[in-house]
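Right, one structure below, let's go through it.
So you know, we letter chains A, B, ... as the sequences are listed, proteins then strands, and number each from 1. Remember, it's a predicted structure, so these values are computed and weren't measured experimentally.
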Protein chains: 2
Amino acid sequence: MEQATRRTTIADVARAAGVSKAAVSFAFNTPERLSADTVTRIREIATGLDYRPDPVARMLAQRRTGTIGILTPQGLDVIFTNPYFGEFSAGVATAAEAAGLAIQFISPLHGSLTRAVDRASVDGIIAVGLGAAHPEVGQIRRSGLPFVVVDSTALPDEPGIEVDDEGGARLAAEHLVELGHRDFLVIGIEPPSASSGMEPAGVTALRLRGYRESMSAAGIELSDAEMVVGPASMEGGIDAFRRAWASGARPTAVLAMSDAMAIGAMRAARDLGLGVPADLSIVGYDDVDVAQYTDPPLTTVHQPIRRKGEEAVRLLLAGGRHRDEGPTEQQHLETRLVVRGSTARAPRGREEVVDDGR
Amino acid sequence: MEQATRRTTIADVARAAGVSKAAVSFAFNTPERLSADTVTRIREIATGLDYRPDPVARMLAQRRTGTIGILTPQGLDVIFTNPYFGEFSAGVATAAEAAGLAIQFISPLHGSLTRAVDRASVDGIIAVGLGAAHPEVGQIRRSGLPFVVVDSTALPDEPGIEVDDEGGARLAAEHLVELGHRDFLVIGIEPPSASSGMEPAGVTALRLRGYRESMSAAGIELSDAEMVVGPASMEGGIDAFRRAWASGARPTAVLAMSDAMAIGAMRAARDLGLGVPADLSIVGYDDVDVAQYTDPPLTTVHQPIRRKGEEAVRLLLAGGRHRDEGPTEQQHLETRLVVRGSTARAPRGREEVVDDGR
DNA sequence: GCGGTTTAGCAAACCGGTTTAGCTGACCGT
DNA sequence: ACGGTCAGCTAAACCGGTTTGCTAAACCGC
């Protein structure tokens, strides 16, 4: 994969047109600095020579790349395959394109996110799912690049988008409690690499707290055995549910922190002979597009995924850190429960007493 | 979003270490050209100064970007949202990462693919779904960048991956014919922009031909009214099916050229009160991950999507055009039918009844 | 016909690295 | 003592653009 015939450079055009390099540059970027006819003459010669300015050289000279990076601790294979990320990226992409910016994905290169960040040539970064504990945030901050965070427990002093994860989770659990469920299984999102350590990714913690709130309001405590984690994918969901089942869990309702995992869990449950929602209710999180098309359609917590992406670039463009103008900007977005077909009353005989407290 | 404090440059490090810029460069890239202790000394000073070589400057000097581009005529929003593209990109990404390459998406910028190509700084291009008629292929070829094509009627003399689209389509139609279906609806993929003109994207034509072969082998002709097209998305599928229905089509079987559209069609059919597969059989194309999780699971034509992506970068890296070493390399991949739950025998009473005239 | 202001375009510096050609001094054998 | 190697490093050119003075000619009013 090596360079073929050398491209025509600006010098070639200048020579051919009998003008200076500067003139050629002006002809394209600041035509008003040149007489109208020289501009057209230069342009004609340029197209005749099939001249296209080298984007890299331009980036270097202008000290801007016209690119914003989407940084994730997960590998690109999971990113592209996960509908949540897909929709988020789509949001970023639309907003970026409107601003004439390209986007680049920054994700661990040979296992190292740090290396990937160094190699990335971007003007700004949108970091998604990066916990405050991640060392990379320090690196980025030091690099001086503007950046916003998304899906992290909002970093202190760092601009970011925050959605009401806790509230959404609360709604989800509440819904199930009202349907008479008392035996739960929570399927959580496992941090991508061991590197990120114990601290569960911000959202995981928040959602878990939300679940717990609604449960304990109904007098239910969630034991550790009633929670299982895995990678946020359909396979991850299948696997997680099977593991739980194998270790004896017999829930009537599962709370999954991602739709992908919920869909997987639904499948695993079916494979085990359970009817959804007859024997088992499932509620997901995110409300990705496909959630409407599964069988049964998935009850889930809606969050404005694409919008989140768009807002992120808006925030980034708006300057990110407003050191002076008061507190760093934080954008809040709402969540809401969308009840579809994957949830129903708890099965007879296991329904327990009518929900006492609530 | 503007530059913050100036980064430390190689000159800063050189000065601090009392050596030349070249020495610093060597210390990182060709350490064997320096004595061991100068290398460590320079490196220490560099890390002390938090020096990270500017990737753009490096690109310019080395005349390589370490990036390969994925070019598509569709907008990024549809790309990221479409599971087929997602899986394909995942394949590209894994192979690229293994080779230490980053990937960049090239898609119409303000409506112009040409402009996007010019702005992209990549070492090679993987063009997906670009018909031979697209003017962009000329542009790319002229640019001298190595490139391979995917999902296009293989361009003459252009290296590319080719899967047996026609054969796959034949299998799909054959399956339905064997189940006794005679009234079909074909849902095709519409070219992204009007610009690409009449010529249906390569794959569309091939698949359509495959469908027709199997049908005519059974004495069935597909009328123009029995085909409808739309964008390759779930919404596109819903819409396409509804349009067909509204204009009087009453098929017992649907052949969709993309799983996303198949899923949409399934949904639309249900909404119209049709049972799938009781009243209507549907077979998709691609076998994306979600096809297993829909309700019912989708019968579809499998093609090795991720593998396709991986092979594409392999081909690109292998040099793309082997001008000398014989014919340009073409990689062929197989397709096969995966029968799941969305297809069944044609409903009684319509099974073999000569179609009255709709 | 003269100082002053525009206009059109040029030369050169610059962006931040890599790479080539060449210099310097230590070490070597004789 | 001397030419020859060789290891270790440097100076300068280069990548392909942009941008900043600056100048020469044209234009201006008077």
Checking side chain to side chain contact (heavy atoms under 4.5 Å, CB included) against A:Pro146, which of A:Leu316, A:Leu317, A:Asp123 comes through? A:Leu316

Can you confirm whether [X] sits close enough to [Y] that some side-chain heavy atom of one is under 4.5 Å from a side-chain heavy atom of the other?
X: B:Leu71; Y: B:Ile140; value: yes
X: A:Val122; Y: A:Thr67; value: yes
X: A:Asn82; Y: A:Gln74; value: no
X: B:Leu130; Y: B:Val149; value: no

Validation: residues 101-116 of chain B side-chain donor-acceptor distances under 3.5 Å, sequence neighbours left out:
residue, atom, partner, partner atom, Å
B:Ser112, OG, B:Thr114, N, 3.4
B:Ser112, OG, B:Arg115, N, 2.8

What residues form a ring-ring contact (aromatic ring centres under 6.0 Å, His included) with A:Phe88, not counting sequence neighbours?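 Per chain and number, A:Phe88 pairs via ring-ring contact (aromatic ring centres under 6.0 Å, His included) with no residue.
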
Hey, does B:Val19 reach any base, or is it just sugar-phosphate, or nothing, if we go heavy atoms under 4.0 Å? sugar-phosphate

Need one value for B:Leu60: base, sugar-phosphate or nothing, where a base atom within 4.0 Å counts as base even if backbone is also close, heavy atoms only. base

With each end axis built from five pairs of C1' atoms, what bend angle do you get for the helix from C:dG1-D:dC30 to C:dT30-D:dA1? Round to 10°. 40°

Any residue in residues 35-48 of chain B with a heavy atom nearer than 4.0 angstrom to DNA chain D? Just list them by number, or reply none.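 Per residue number, the list reads B:Ser35, B:Thr38.
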
The criterion is side-chain hydrogen bond (donor to acceptor under 3.5 Å, both in side chains); which residues satisfy it with A:Ser25, sequence neighbours excluded?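 A:Ser25 satisfies side-chain hydrogen bond (donor to acceptor under 3.5 Å, both in side chains) with A:Asn29 only.
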
To the nearest angstrom, how far is A:Arg15 atom CZ from D:dG16 atom C1'?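 Spelled out: CZ on A:Arg15 to C1' on D:dG16 is 13 Å.
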
Nucleotides 17-22 of chain D: which of its N/O atoms have a protein N/O under 3.5 Å away?
residue, atom, partner, partner atom, Å
D:dG17, OP1, A:Asp54, N, 3.3
D:dG17, OP2, A:Ile10, N, 2.5
D:dG17, O5', A:Tyr51, OH, 3.0
D:dG17, O5', A:Asp54, N, 3.3
D:dG17, N7, A:Lys21, NZ, 3.1
D:dG17, O6, A:Lys21, NZ, 3.0
D:dT18, OP1, A:Asn29, ND2, 2.9
D:dT18, OP1, A:Arg58, NH1, 3.2
D:dT18, OP2, A:Ser25, OG, 2.6
D:dT18, OP2, A:Asn29, ND2, 3.3

Backbone N or O of B:Val150 within a donor-acceptor pair of the B:Ser152 side chain at under 3.5 Å?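 Such a contact is found between B:Ser152 side chain and B:Val150 backbone.
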
Would a distance-only check, ignoring hydrogens and angles, find a side-chain to backbone donor-acceptor pair under 3.5 Å from A:Ser89 to B:Phe80?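 Absent.
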
